[in-house]
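Here the structure comes first, spelled out in structure tokens, and everything after it is commentary.
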Amino acid sequence: METMTLDELKAAIKSQGVPIEDVTFECPHCHTLQSMNDLIAVGAGKNREAVEPYIGFSCIGRFTKEKGCDWTLGGLFQIHELEVITPDGEHHPIFKPISANPRINADLAKASQPGYA
């Protein structure tokens, strides 16, 4: 299981170099890439605030039959590959952040390794 701190996750997201609504995550079940704007486009919510609870946690397929699957990290089976450790020491499952830029993906992978700062 890969882990990263909340600060490392924030840095990984920032490294994508796109507006927060376009930051992309990969579903661990079907590998569909999705962003907040994708969730908004399929009707998961009307704006960023409405879809924030779903991004990186529930696949876009929960809201449309057009793509993705209906996987969520809140279920019985835990197939996720990444957990974020919050300052209180709690571990939270999350979809991996993914970028269209291969260099950024390498940086994201490096940031998830133990001891990376």
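- Note that the CH2 atom of Trp71 and the OG atom of Ser58 stand 11.5 Å from one another [nearest 0.5 Å].
- At least one side-chain heavy atom of Leu73 sits less than 4.5 Å from a side-chain heavy atom of Pro28.
- Side-chain atoms of Asn37 and Ser35 include no donor-acceptor pair closer than 3.5 Å.
- In this structure the side chain of Ile20 reaches within 4.5 angstrom of the side chain of Arg48, judged on heavy atoms.
- Among residues two or more places apart in sequence or in another chain, the salt bridge (charged side-chain N to carboxylate O under 4.0 Å, His left out) test is passed with Arg62 by none.
- Within 6.0 Å of atom CD in Glu66, 12 or fewer heavy atoms from other residues, nucleotides or ligands are found, so the atom counts as exposed in its surroundings.
- Put simply, the residue from Glu2, His31, His80 that forms a side-chain hydrogen bond (donor to acceptor under 3.5 Å, both in side chains) with Lys96 is Glu2.
- The line from CG of Leu39 to CD of Gln34 is 6.0 Å long, rounded to the nearest 0.5 Å.
- Inter-residue side-chain proximity for Ile13 and Phe25 is flagged as met; some heavy-atom pair is nearer than 4.5 Å.
- No side-chain heavy atom of Thr3 sits less than 4.5 Å from a side-chain heavy atom of Val84.
- With contacts defined as side-chain heavy-atom distances shorter than 4.5 Å, the pair Ile60/Val42 qualifies.
- No side-chain heavy atom of Thr72 sits less than 4.5 Å from a side-chain heavy atom of Cys59.
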